[in-house]
Each structure stands twice: as C-alpha cells, then as structure tokens.
2 protein chains.
Amino acid sequence: MLKMSRLTDYAAVVMAQIARHPEQPHAATELAEAVQLPHPTVSKTLKMLVRAGLLESQRGAQGGYRLARSASQITASDIITAIEGPVAMTECSHADGECELVATCGVADNWQRVSMAVRTLLDSVTLAHLAQTTPIKLPVQLPIQTVTLAASSDL
Amino acid sequence: MLKMSRLTDYAAVVMAQIARHPEQPHAATELAEAVQLPHPTVSKTLKMLVRAGLLESQRGAQGGYRLARSASQITASDIITAIEGPVAMTECSHADGECELVATCGVADNWQRVSMAVRTLLDSVTLAHLAQTTPIKLPVQLPIQTVTLAASSDL
DNA sequence: TTATACAGGACTAAAATGGTCCCCAATCGA
DNA sequence: TCGATTGGGGACCATTTTAGTCCTGTATAA
C-alpha cells in the first residue's frame, strides 16, 4: 500500500481545517467536532503537530491552535514527517546505516534515490494545496513521466 | 515514514538478483543464500511475486524462478503492488469508497492526486534501474521541482 | 480564582507484520 | 516407475506497531 498512517491522515484533515480559518485559534474540541473524529485522538494529533513546529498552541481560555507559518509554507512532507518521522521508503534509506545486508543487498543506493524523489514530490505539495476544496492539479501523466524517462536515458 | 514493508524490500532485492542473471532459473534456496536471508521468508516472497505475474516458476529438478518479462518492463510500482497491494497513500485514495468522513474530510481528492503522482514516479523506475550496481540518476532536485511548481501556478 | 484549554505520558486493545512450518503437487532423470 | 528436487498453498504464532483512551498537571484569560 505504501500508505500513510491513519493519524497522518487525520493530521492533514485537521491542518486543512485550521488553514481555512487561519485567524482565530482553534480549540481541540472545536476541531474534533468539525472533523467528526473523537476528541482524544484529534488532541493527540495536534500535540504531535505542535512538537514538530507546524502549529503553535495557546493555553487557557480563548486559547487553541493556529498555524506556525502560512499554509503555503507547510508541505505534505512536513505533515507526514511530523507524525511518522522522516519520509523514507526503506529502513536503510535514511542513513544511521543499521542494515548489515548492504553487501548483498545491492539496491540500497537506488531506493535512496527513489525515496528522495518521492520526498521532493511531497515537498512540492503545500497545505494550501491540500486545503483548497477544488482539487489540485498535479502533473499526473506527462510531465513527471517525461522527466523520469529523460533520467533513464541518462543512466 | 511512508515506508515499504520489509517483505517488499526483500522482494526488490531478490528480483534484482534474478535480473542480474536472467537466463537460468533460480531456486529459492540459491537466492536465499545469495541474498543472505532466511529461506522460508524468501520463498514466501517469491510465491507472492509469482502470483502477481512478475515471476514464472518451474517445478521439479532444475526448476526455479525467472522473470516473467524483461527487467526493463517491470517497475518498482509492480513490485510494491505485488507485496502490499495498490500504491495509495490514504485508505480512501484507492476507491471502494469505504470512508464515511468524505463530507468533513475535504482533502480526499487532493491526496488521491498526490498518490497518483507518486505512483507515476514509481512506474518510471524499472527493475533494470534497481538492479544495476551504479546508482540510478533520478531527477532529485531541479526537474520535478520545476514541474510541480509549474503545476502549482496552475491552480 | 476559576473555568478553559493544552502538555505529557501511561496504558490497553486490536491489527498488521514478519517469520516458520508442514504437507501436497509437479517435474526431471536414473 | 521411483525418488530426489523444487515450487504451491496455507495454517499458525510471536512480535511490533498502531490507534485510541484516560489521567494528572500547568498555563492563561477574564
């Protein structure tokens, strides 16, 4: 599946919700309701986003969460990283070299490159994109295809 | 992490190993040894790859596994799909519409598009790429960046 | 000073994952 | 035709990860 965790999904939804009304702070309870998810879970997600520096929180009455920077400066990559840790397709592709099979593996380098390409792609998708209700237009077919075919001829 | 499962990783390594010697069939035992992984696990992986149509198997003495088509016609996407099912970043992004939160979610469409872009990227990486020992050159910085920035201006 | 709201972390239940094993079926060659 | 070789299918278990809940503490505004 190569799937994001469900919490990451929640995080994106909640972030998008905040991004649509960036002025006021949003209480966890309010967000949970808006998004129709259990409060404790939403709360947990919000805490993670704060720790990652994507949200700022304000305690006390009239407090809540707001974006730490503008929606166009927060990327899909940021959100995923906040919840799941760095985007990497294989164990070994984010260094710390804990894999003793490197010798027989023979594909590590290449996966790293693929990971990096995916990360770059996710870096280019911003929260502003995600938050808008009209679907974003990513270059699904031609452009990326072209680019990477060009790359293969470069091998 | 957005990580592939470990089995997928194994699958890629094993496929690469086969791709480097496409003529003879390779027995599971031989592959397990070459790749330094436990035989039952490798065997399981191979079975999945056969079921997905990426490998062909031959029973009996002198039997083994070989590629069902040439290495340049097998993609990273194929391998991942064989082990983990279709590449999709969110539960809902591969249809079957089992998510009752669509109404409040508001980001589903956009994640679908992102998924599709990732899939396209993975489609463009072939087993031939993965198998070669000199690292492949994917357009890590400029090209994709350019493409997707172009896309955002298109919003 | 009190009600509101976040912070941190312990804890549990459920699900996914990784890994092993066993018995059966096909094939080759002596 | 028999036996050795090699894959096929699936059951099974242990472990880890994930999701979700809850409790206790702390900051802040009115």
Side-chain angles (χ1 to χ4, degrees), chain A residues 1-14 18 24-68 80 82-85 90-91 98-99 101, chain B residues 1-14 18 24-33 35-68 80 82-85 88 90-91 98-99 101:
Chain A
M1 270 279 210
L2 202 77
K3 194 168 40 183
M4 309 186 304
S5 87
R6 211 185 300 185
L7 283 191
T8 308
D9 206 344
Y10 297 167
V13 174
V14 170
I18 299 177
Q24 333 94 36
H26 300 266
T29 318
E30 173 214 321
L31 289 169
E33 195 146 325
V35 157
Q36 286 293 301
L37 288 172
H39 171 263
T41 303
V42 169
S43 179
K44 184 181 190 172
T45 311
L46 288 165
K47 288 175 201 170
M48 290 196 251
L49 292 167
V50 169
R51 248 176 277 175
L54 303 186
L55 290 179
E56 279 169 358
S57 63
Q58 171 86 30
R59 293 186 180 185
Q62 315 308 322
Y65 298 91
R66 56 176 88 219
L67 300 184
I80 296 175
I83 310 292
E84 319 191 10
T90 57
E91 205 59 59
E98 302 152 24
C99 174
L101 297 175
Chain B
M1 268 277 209
L2 204 77
K3 193 167 42 185
M4 308 186 301
S5 86
R6 214 186 297 185
L7 282 191
T8 309
D9 205 345
Y10 296 167
V13 174
V14 170
I18 299 177
Q24 333 94 37
H26 301 266
T29 319
E30 174 213 322
L31 289 169
E33 196 148 324
V35 158
Q36 288 292 302
L37 288 172
H39 171 263
T41 302
V42 169
S43 180
K44 183 181 191 173
T45 311
L46 289 165
K47 288 174 202 170
M48 291 196 251
L49 292 167
V50 169
R51 248 176 278 175
L54 303 187
L55 290 180
E56 279 169 357
S57 62
Q58 171 86 31
R59 292 185 180 186
Q62 314 309 321
Y65 297 90
R66 57 177 87 219
L67 300 184
I80 295 175
I83 310 291
E84 318 191 11
T90 56
E91 205 61 59
E98 302 152 26
C99 176
L101 298 175

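Quick caveat, the model's predicted, so the values are computed rather than measured. Numbers restart at 1 for each chain; the letters A, B, ... are given by sequence-line order, proteins then strands.
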Please name the residue in the list A/Asp9, A/Thr45, A/Leu31 that meets the side chain to side chain contact (heavy atoms under 4.5 Å, CB included) test with A/Val14.
A/Leu31

Closest non-hydrogen contact found for B/Glu84 with B/Ser5 is OE2-N, 2.8 Å

Can you check the A/His26 NE2 to C/dC6 P distance for me, whole Å?
11 Å

For A/Lys47 and D/dT24, what is the distance between atoms NZ and P respectively, to the nearest whole Å?
14 Å

Any B/Ser5 side-chain nitrogen or oxygen under 4.0 Å from OP1 or OP2 of C/dG18
yes

Short side-chain N/O contact from B/Thr41 to OP1 or OP2 of C/dT20, under 4.0 Å
yes

Comparing A/Ala61 with A/Leu46, nearest DNA chain C nucleotide closer to 5' gives the residue A/Ala61

Roughly, in whole Å, what's the span from CG in A/Leu55 to P in C/dC6?
11 Å

When you get a sec, tell me which of D/dA29, C/dG8, C/dC6 is the closest nucleotide to the side chain of A/Gln62?
D/dA29

Whole-Å distance, A/Arg59 CZ to C/dT2 P, equals 20 Å

N/O (side chain, A/Gln58) to phosphate O (OP1/OP2, D/dA29) under 4.0 Å
yes

By nearest-nucleotide position on DNA chain D, the 5'-leaning member of A/Pro38 and A/Gly60 is A/Pro38

Which part of the nucleic acid, if any, lies within reach of A/His39 when heavy atoms closer than 4.0 Å are counted: base, sugar-phosphate only, or nothing?
nothing

Report the distance from atom CD1 of B/Ile18 to atom C1' of D/dG7, rounded to the nearest whole Å.
13 Å

Looking at A/Arg6, does any N or O in its side chain come under 4.0 Å of the phosphate oxygens OP1/OP2 on D/dG20?
yes

Below the 4.0 Å mark, does C/dT17 have OP1 or OP2 next to a side-chain nitrogen or oxygen of B/Tyr10?
no

Rounded off to whole Å, could you give me the CD-to-P distance for the A/Gln24 and C/dA5 pair?
14 Å

Atom-to-atom span, CG of A/Leu31 to P of C/dA5 - whole angstrom
12 Å

Distance check needed: C/dC11 P versus A/Lys44 NZ, whole Å only.
14 Å

Does a nitrogen or oxygen in the side chain of A/Ser57 sit under 4.0 Å from OP1 or OP2 of C/dA5?
no

OP1 or OP2 of D/dT6 less than 4.0 angstrom from a side-chain nitrogen or oxygen of B/Thr29, does that happen here?
no

